[in-house]
Trainee: 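Below is a structure I'd like to ask you about.
Predicted, not measured: the structure shown is a model, and the values here were computed from it. In the text below, chain A, chain B and the rest are named by the order of the sequence lines, each starting its count at 1.
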Amino acid sequence: MSNRKVRVRFAPSPTGALHMGGVRTALFNYLFAKKHGGDFLLRIEDTDQTRFVEGAEEYIMESLEWCGIKVDEGIREGGAFGPYRQSERREIYKKYADQLIESGHAYYAFDTAEELGALRQKGEENKETFTYNNATRVELNNSLKLTKQEVDAKLNAGESYVIRFKMPVNHEVKMNDIIRGNVNVNTDTLDDKVLFKSDGLPTYHLANIVDDHLMEISHVIRGEEWLPSMPLHVLLYEALGWVDTMPEFAHLPLLLKPTGNGKLSKRDGDKLGFPVFPLFWKAPNGDTASGYREEGYFADAFVNLLALLGWNPGTEQEIFTMEELIAAFSLDRVTKSGSKFDPKKAEWYNHQYMALKTDAEITNLFIVELKEKGIEVEVALVEKVVGMVKERAVFVKDIWEQSSFFFETPTEYDEKVVKKRWKENTPAQMTAIKEVLAGVPNFNAANAKQAVSDYIEKNEWGFGAIMNALRLCIVGAGKGPDLFDIIEMIGQEETVLRIEKAVSVIKK
RNA sequence: GCUCCGUUCGUCUAGCGGUUAGGACGCUAGGUUUUCAUCCUAGUAGCAGGGGUUCGAUUCCCCUACGGAGUACCA
């Protein structure tokens with residue numbers, strides 16, 4: 001039973017953008033599949049036409065692609081078990097629903113939505129919850145209560161109906177979850193779920209079981225929100241006679257909101273102060289939500305941090321490439337409890353990846369930003385700057401903040417620094433230093449430093465005071481890498497101009 | 001309400017009867033740095049509570065509390 005080929009699926013419904021919890025579910029499925037040399041399928045569960053959202057499918061695929069999660073079989077890739085979109089498989093499901101009716105595991109129900117709504121409301125008034133189950137079904141408008149003639153008459157008249165699962169009475173369903181171990185539920189606490197809707201499409205429960213069976217899925221790895229319906233699913237496998245090939249189940253802990261309570265949901269959008277989506281999302285109604293990609297996260301950093309949310313390798317390694325994740329991944333090291341996402345740690349991850357990436361890689365990204373600002377400089381020069389400042393940045397967009405003074409003459413001077421470093425005699429000192437720098441032959445960092453140092457020493461000035469004031473002139477603030485490196489980069493002429501400008505602009 | 005799942009520093013987590021309860025993020029301090037940041041070092045802080053079982057419980061069992069999920073002709 002467990003030595004067949006590993007085949008897993010990620011089965012989102014296209015009801016909007018895929019949030020990071022969904023991406024993590026996809027990732028765990030992918031890691032598990034690749035670890036075991038198996039297949040990763042993408043199946044679109046669009047059996048609820050009313051909730052279909054334009055662009056969602058593309059968004060899902062693009063998100064997986066960005067993350068480096070490669071789909072082996074899916075709506076775009078094709079495969080031997082297609083189609084992979086449930087709306088295109090509608091012909092398949094009815095047969096199995098009928099089979100369940102014939103075998104006595106399911107029945108027709110003619111109750112209208114209004115009737116059931118009324119019953120639920122009445123139940124609520126009596127502080128009870130109406131449940132369509134073995135206690136109530138015999139009194140309702142279905143093929144269990146009605147005679148065969150009555151049922152046939154309704155069916156022939158084209159009356160709309162649903163097909164419900166006939167939950168066994170007082171039966172203990174014993175299940176096993178890879179992450180949680182044994183889970184037992186008594187069927188009396190369950191209801192007769194609708195398997196087949198009046199619109200001719202199956203509900204999630206039926207479609208899911210049928211497709212997983214037909215697609216030869218070996219392991220169902222999904223979010224914990226599905227745990228309560230696992231008994232129904234197991235019972236369905238039994239009723240359809242598929243127990244031999246029933247997949248193993250693993251219910252992943254949920255991703256929780258960092259503040260307050262509840263699971264992370266699509267609707268959280270941008271309210272949380274960090275993106276909940278992998279990519280920027282624009283809904284058909286015009287609503288937008290930010291994405292990790294657009295916020296400046298590296299895909300590999302995003303994948304890395306997601307992987308360690310609810311899973312850990314049992315070692316102290318925290319930085320993983322996808323290959324390393326695949327090698328290290330194991331479902332029995334998945335945590336049982338839900339995890340809150342920490343945006344600070346996410347930034348730390350990105351910072352780690354920033355340091356890991358080559359100057360050339362970062363330069364390519366940074367050059368795009370420079371172009372947007374209308375700045376065009378030699379690539380070699382940009383790369384040199386990037387090499388100097390990248391480890392100070394979390395995101396590529398931070399690099400500008402850390403390096404703008406390489407490309408532009410400061411127009412403002414940080415007030416705090418001015419107050420602290422710009423004394424009565426500073427302008428005169430700066431002017432003197434300017435003359436020294438202007439006279440340096442073979443202008444470079446080492447020579448400039450030598451000249452300035454000698455001059456400071458000769459005059460018995462404080463090295464710190466002069467250097468800080470000089471930095472203010474060159475950078476406009478009290479930040480940045482080695483000052484002489486900056487001076488070399490901007491050149492002798494620009495250095496002189498900046499000092500002159502600072503002396504004339506900064507007022508004491 | 002009912003059913004199911006869960007509970008170790010603020011957060012992510014290691015721990016699978018005997019540990020000075022470990023790591024990471026964050027925070028604080030010190031060092032490095034002519035500045036800022038990086039970086040390095042150190043510190044900070046935790047087994048939800050109560051019963052058992054046991055020579056011994058963070059670890060096993062029960063109860064309570066708290067958190068989460070589900071309870072649709074949505075997935």
Trainee: So what does A:Thr47 hit on the nucleic acid, given a heavy-atom distance under 4.0 Å: a base, only sugar-phosphate, or nothing?
Mentor: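 Touches sugar-phosphate only.
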Trainee: Using a distance-only criterion (donor-acceptor N/O pair, under 3.5 Å, no hydrogens), is the base of B:C5 paired with the side chain of A:Arg180?
Mentor: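 Counting by modelled atom types and ignoring angles, no donor-acceptor contact under 3.5 Å is found here.
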Trainee: So what's B:U20 paired with, Watson-Crick or G-U wobble, going by both distances under 3.5 Å?
Mentor: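 Check on B:U20: unpaired, no WC or wobble geometry under 3.5 Å.
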Trainee: Should B:G6 form a Watson-Crick or G-U wobble pair with both distances under 3.5 Å, which nucleotide is its partner?
Mentor: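 The answer is B:C66, by the H-bond criterion.
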Trainee: So does A:Lys449 have more than 12 non-hydrogen atoms from other groups sitting under 6.0 Å from NZ?
Mentor: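 12 or below, so no.
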Trainee: Does CD in A:Gln49 sit with more than 12 non-hydrogen atoms of other residues, nucleotides or ligands closer than 6.0 Å?
Mentor: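 Above 12, so yes.
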Trainee: Polar-atom pairs under 3.5 Å, protein N or O versus N or O of nucleotides 1-4 of chain B: list them with distances, or write none.
Mentor:
| unit_1 | atom_1 | unit_2 | atom_2 | d |
| --- | --- | --- | --- | --- |
| B:G1 | N2 | A:Thr129 | OG1 | 3.1 |

Trainee: Please determine whether a side-chain nitrogen or oxygen atom of A:Arg421 lies at a distance below 4.0 Å from atom OP1 or OP2 of B:U35.
Mentor: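 No, outside the criterion.
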Trainee: Is there a side-chain polar atom (N or O) of A:Asn468 under 4.0 Å from OP1 or OP2 of B:U35?
Mentor: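 A:Asn468 to B:U35 OP1/OP2: no side-chain N or O under 4.0 Å.
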Trainee: Any N or O donor-acceptor pair linking the side chain of A:Arg392 to the base of B:U38 at under 3.5 Å?
Mentor: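 Result: no qualifying N/O pair found.
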Trainee: Do the side-chain N or O atoms of A:Lys340 get closer than 4.0 angstrom to the phosphate oxygens (OP1, OP2) of B:U7?
Mentor: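 For A:Lys340, the contact criterion (side-chain N or O under 4.0 Å from OP1 or OP2 of B:U7) is not met.
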Trainee: OP1 or OP2 of B:C74 versus the side-chain N and O atoms of A:Thr203: is any pair under 4.0 Å?
Mentor: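 No, outside the criterion.
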Trainee: Applying the Watson-Crick and G-U wobble criteria at under 3.5 Å, what pairs with B:G26? Answer none if nothing qualifies.
Mentor: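 Looking at the geometry, B:G26 pairs with B:U44.
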Trainee: Hunt down the Watson-Crick or G-U wobble partner of B:G1, both distances under 3.5 Å, from any strand shown, or write none.
Mentor: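 With both distances under 3.5 Å, B:G1 matches B:U71.
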Trainee: Both distances below 3.5 Å, Watson-Crick or wobble geometry, any strand: find the nucleotide opposite B:C36.
Mentor: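 Per the H-bond distance test, none.
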Trainee: When the P atoms of B:A48 and B:U7 are considered, how many whole Å apart are they?
Mentor: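 9 Å, rounded to whole Å.
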Trainee: Counting only distance, no hydrogens or angles, is the base of B:C73 paired donor-acceptor with the side chain of A:Ser198 under 3.5 Å?
Mentor: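 In this structure, the two groups form a donor-acceptor pair.
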Trainee: Measure CD1/A:Ile487 against P/B:U35 and give the value in whole Å, please.
Mentor: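 Result: 16 Å.
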Trainee: Using the side chain to side chain contact (heavy atoms under 4.5 Å, CB included) criterion, which residues pair with A:Ala355? Sequence neighbours excluded.
Mentor: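 Side chain to side chain contact (heavy atoms under 4.5 Å, CB included) check on A:Ala355 returns A:Glu391.
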Trainee: Under 6.0 Å from the NZ atom of A:Lys434, do we count more than 12 heavy atoms belonging to anything else shown?
Mentor: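 Yes, because the 6.0 Å sphere around NZ of A:Lys434 holds more than 12 heavy atoms from other groups.
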